[in-house]
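Heads up, the thing below is written out as structure tokens.
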4 protein chains.
Amino acid sequence: MELLKGKKGIITGALNDKSIAWKVAERAIAEGADIVLTNTALSLRMGSLQEFADAHGCKLIAADATSLEDLGALVDGAMEYFGGPFDFVLHSIGMSPNVRKGRPYEALDYGFLGKTLDISALSFHKLLHTLYEKDALKEWGSVVALTYIAAERTFAGYNDMADAKALLQSIARSFGAIYGAKRHVRINTVSQSPTATTAGQGIAGMEDMLKYADRMSPLGNATADDCADYIVTLFSDYTRKVTMQNLYHDGGFSSIGLTAAEVATFPKE
Amino acid sequence: MELLKGKKGIITGALNDKSIAWKVAERAIAEGADIVLTNTALSLRMGSLQEFADAHGCKLIAADATSLEDLGALVDGAMEYFGGPFDFVLHSIGMSPNVRKGRPYEALDYGFLGKTLDISALSFHKLLHTLYEKDALKEWGSVVALTYIAAERTFAGYNDMADAKALLQSIARSFGAIYGAKRHVRINTVSQSPTATTAGQGIAGMEDMLKYADRMSPLGNATADDCADYIVTLFSDYTRKVTMQNLYHDGGFSSIGLTAAEVATFPKE
Amino acid sequence: MELLKGKKGIITGALNDKSIAWKVAERAIAEGADIVLTNTALSLRMGSLQEFADAHGCKLIAADATSLEDLGALVDGAMEYFGGPFDFVLHSIGMSPNVRKGRPYEALDYGFLGKTLDISALSFHKLLHTLYEKDALKEWGSVVALTYIAAERTFAGYNDMADAKALLQSIARSFGAIYGAKRHVRINTVSQSPTATTAGQGIAGMEDMLKYADRMSPLGNATADDCADYIVTLFSDYTRKVTMQNLYHDGGFSSIGLTAAEVATFPKE
Amino acid sequence: MELLKGKKGIITGALNDKSIAWKVAERAIAEGADIVLTNTALSLRMGSLQEFADAHGCKLIAADATSLEDLGALVDGAMEYFGGPFDFVLHSIGMSPNVRKGRPYEALDYGFLGKTLDISALSFHKLLHTLYEKDALKEWGSVVALTYIAAERTFAGYNDMADAKALLQSIARSFGAIYGAKRHVRINTVSQSPTATTAGQGIAGMEDMLKYADRMSPLGNATADDCADYIVTLFSDYTRKVTMQNLYHDGGFSSIGLTAAEVATFPKE
């Protein structure tokens, strides 16, 4: 297939081969896209994104997505590399110092909360603002941000990331209305099954959550590979009129109240 | 592209070249699919589906989707034609005698209401039941039904079709949970912009609704062609973990409260 | 308290002292309301509503809510008893022959399905139509129908009642738009926790569902008594601008993804 | 009525007699509650809350809701005044420097955005945290925060307040799960019709939005007085099992797609 033949875009947030963003990058390239990769300098040292870039001949630009200066340089660098405006962007950035440091939600450190929101949500506004200001996306360009259903329903232990994802989803709608009217750029969020990424390992009880979600999803949990497949359709020209949506990619979990598979695990008297 | 290369499916509800289903059929064929077309005997006489079938070498089977017998013959015929189970189905069937006869919602004819529900919603259950019972869909098969946002928000004049669409969407979820767990078959509804089809002409004030929806959609209304593009992604292997969802394909309308374009039309004092 | 002082209304669907409608009737009377009770002739024989009516001096009128004739006589009888238009109505009617006869959702009896929809959902339209046609509700009157979250998310075993509740909720919106504009009558649905009523006993695995819902509700399941308290606020003048809403009364269940209480029951390896 | 007889609570955010919070305070007192009022020192100078406090014999404590120190003093002061834990709290706090300074959403000042979120959303977490830490609310206490439908659908000109309200609503759910399980405290948001308050005057095109919302609401816009009526039911013991909900109090607007009243204003060709 060449679903993204001739298309160009930026993929943020890939760390290693467990990352959803890594899978999206692989998949986008396989579908004919040319991509620019980015992550923080720290993540580049901790992960293996440089190897990916070398192997696939991608451009790699370090950037802190909370920094307007870095984002400006990223978008300028991408436009220079692509020879002009491009087609798609993946936002796959999130981190909660409160989760990392074990601060419970009822006793958040507010400095940490500021960081959670800045990294996980406001970075999306800053990225969109930079793209918009520089007119960096082509007509009918497509932007996708990864999110999680905790934005709508409370999951024990997901902590302030739930609030960050709710904010992220709102930013997608708010900016989507403006960028859509201006340049027909569509902006959506993909609400993915819990996924066994390196980032996900920070969430308390992740293993239990994965199994629970799997039992409560008629098709089973969506994997990172599944997610990459889905996201390339959203970058393609097949989905041009989809915007400002939060799209569940979760094997059906979001529409389930209770499955027979879950009932089977209930404690017996 | 050959997004549906080697895939086989049934497309219901195409009447003429304004029909969404017609566009889906064209698009599916262009993407490499082999299809069986179906509509009622009356619609076949009124429309031009036979010509389409002749031109594209498709199989055409007349069926009344409210009749289990007809649906059985349709699915049997499709399996025979395809040489076994197939991959996708489009449900694009809806009609309200109350709308046609101008009965207002507060004074529905209940016999007509029964027909509205039977044709527009229960036909979907009957179709799914027939597919399920005959094990006619392959693993990871995909079923899509067309719907409208009136299922969630009330539109003046949409009448009992709103209730029928709400019922249809519920059937998609209810059956999706079962068919997903059994055969990994996914079932979704696509909530499309108001579209200037022959069927849409029956709705009072359709022209005004089209313009209003367009002003309230940052990307403008999605056309029948746009819808066909979108639906083939849902039939493809790229979206295997999406199920039990109501997917808005509407240029952003569903996430809009008020646009500047609409404000510009407000009456001046 | 006399939250409903001077108010008059019809309460449908009370069978015995486990019924939510029974509790609503008791509570409405305690809050100063005068009420007319109704149920089918069969239910009157099976339950103890006559005793309730005798004890509280209420008017009791037998009616089959699927019969326009019976509904007409009910509303006429109520208007005669009250001396004119009245203030509120509770719809608490639902039954699925498919559930009773153990027909699984993928193999429904369609005659039974028609009955499920007629009894559980269309009866609400017929009731509203009758009230509207006879102008039987006062300005700012209030109508409430009981529903369940299965209308939005699939619960194993809830079967075609899920579809009926989705249809019921749509009818509340569709008629709410019309009755609101005409007479300021508000129409809402209350989506109640699973409740141990006589009707609920027909649902497979009800006991497990009750426990699961309780573990997944931060405040625990809402009881029938809790529900009665809530519904009288919706009948009162305090909530005049709430209409066309589906109101979750469920201890928080609807906004929960996963609780610590539920995690504690997960199978250990 | 004495719906709040013997109940005690804090009302934030009242400025003058146009404020929703002012109306809630009046109504709560009329229903038998004893209240503590609070607002910033600046708002106390600009508005007339001191006169209200004098007239009704209420306790007034100046506090900046973004300051943990001030919130601590507020809650301590309230507990001292009430002689212990209390029953309810209204959060009615919001302000966007971006809106005030006319910065469009695509070009927000990020320092201002930080303030918008801190004042309009994080203040709610800080308030809940302070209440929780000091165990200041009684069992089955009730907390309500005011919000707007822009959190779900984009309204031109509502700007970053939309994102702040989405964050606020997420905080209500996240904290509601914890406070509910710990102390049966319920936390809800009320999504009110656009209301002609002093704060609302900052929003561009407010007058048009009010008229549009009114035409699109079958019952008409809910007023500040209506809102006060509704909120006292949420503070009362009648609604003990409602939590983590976003409750639309909007005359039906949220469930409307298009009304005949709106169609009547459409431009004629």
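Atoms considered below: every heavy atom in the structure, side chains included; atoms not considered: hydrogens, waters and symmetry mates. By convention in this document, chain letters (A, B, ...) are assigned in the order of the sequence lines, proteins followed by strands, and residues within each chain are numbered from 1.
- In this structure, the portions of C/L219 lying under 4.5 Å from any heavy atom of chain D include both its backbone and its side chain.
- Scanning all heavy atoms of the two residues, the minimum distance from C/G176 to D/P218 falls at O-CB, 4.2 Å.
- Only the backbone of C/V185 comes within less than 4.5 Å of a heavy atom of chain D; no side-chain atom from C-beta onward does.
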Check chain C and chain D for donor-acceptor pairs under 3.5 Å and report each one on its own line.
{"residue": "C/E31", "atom": "OE1", "partner": "D/Y238", "partner atom": "OH", "Å": "3.2"}
{"residue": "C/E31", "atom": "OE2", "partner": "D/Y238", "partner atom": "OH", "Å": "2.4"}
{"residue": "C/N221", "atom": "O", "partner": "D/K241", "partner atom": "NZ", "Å": "2.8"}
{"residue": "C/D226", "atom": "OD2", "partner": "D/K241", "partner atom": "NZ", "Å": "2.7"}
{"residue": "C/Y230", "atom": "N", "partner": "D/Y238", "partner atom": "O", "Å": "3.2"}
{"residue": "C/Y238", "atom": "O", "partner": "D/Y230", "partner atom": "N", "Å": "3.2"}
{"residue": "C/Y238", "atom": "OH", "partner": "D/E31", "partner atom": "OE1", "Å": "3.2"}
{"residue": "C/Y238", "atom": "OH", "partner": "D/E31", "partner atom": "OE2", "Å": "2.4"}
{"residue": "C/K241", "atom": "O", "partner": "D/G251", "partner atom": "N", "Å": "2.8"}
{"residue": "C/K241", "atom": "NZ", "partner": "D/N221", "partner atom": "O", "Å": "2.8"}
{"residue": "C/K241", "atom": "NZ", "partner": "D/D226", "partner atom": "OD2", "Å": "2.7"}
{"residue": "C/M244", "atom": "O", "partner": "D/S255", "partner atom": "OG", "Å": "2.8"}
{"residue": "C/Q245", "atom": "NE2", "partner": "D/S254", "partner atom": "OG", "Å": "2.9"}
{"residue": "C/G251", "atom": "N", "partner": "D/K241", "partner atom": "O", "Å": "2.8"}
{"residue": "C/S254", "atom": "OG", "partner": "D/Q245", "partner atom": "NE2", "Å": "2.9"}
{"residue": "C/S255", "atom": "OG", "partner": "D/M244", "partner atom": "O", "Å": "2.8"}

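- When the candidates D/A260, D/A181, D/A228 are compared by the number of heavy-atom contacts under 4.5 Å with chain C, D/A181 comes out ahead.
- Put simply, of C/L3, C/L247, C/V232, the one with the most heavy-atom pairs under 4.5 Å next to chain D is C/L3.
- Of the atoms belonging to C/I231, not a single heavy atom falls under 4.5 Å from chain D.
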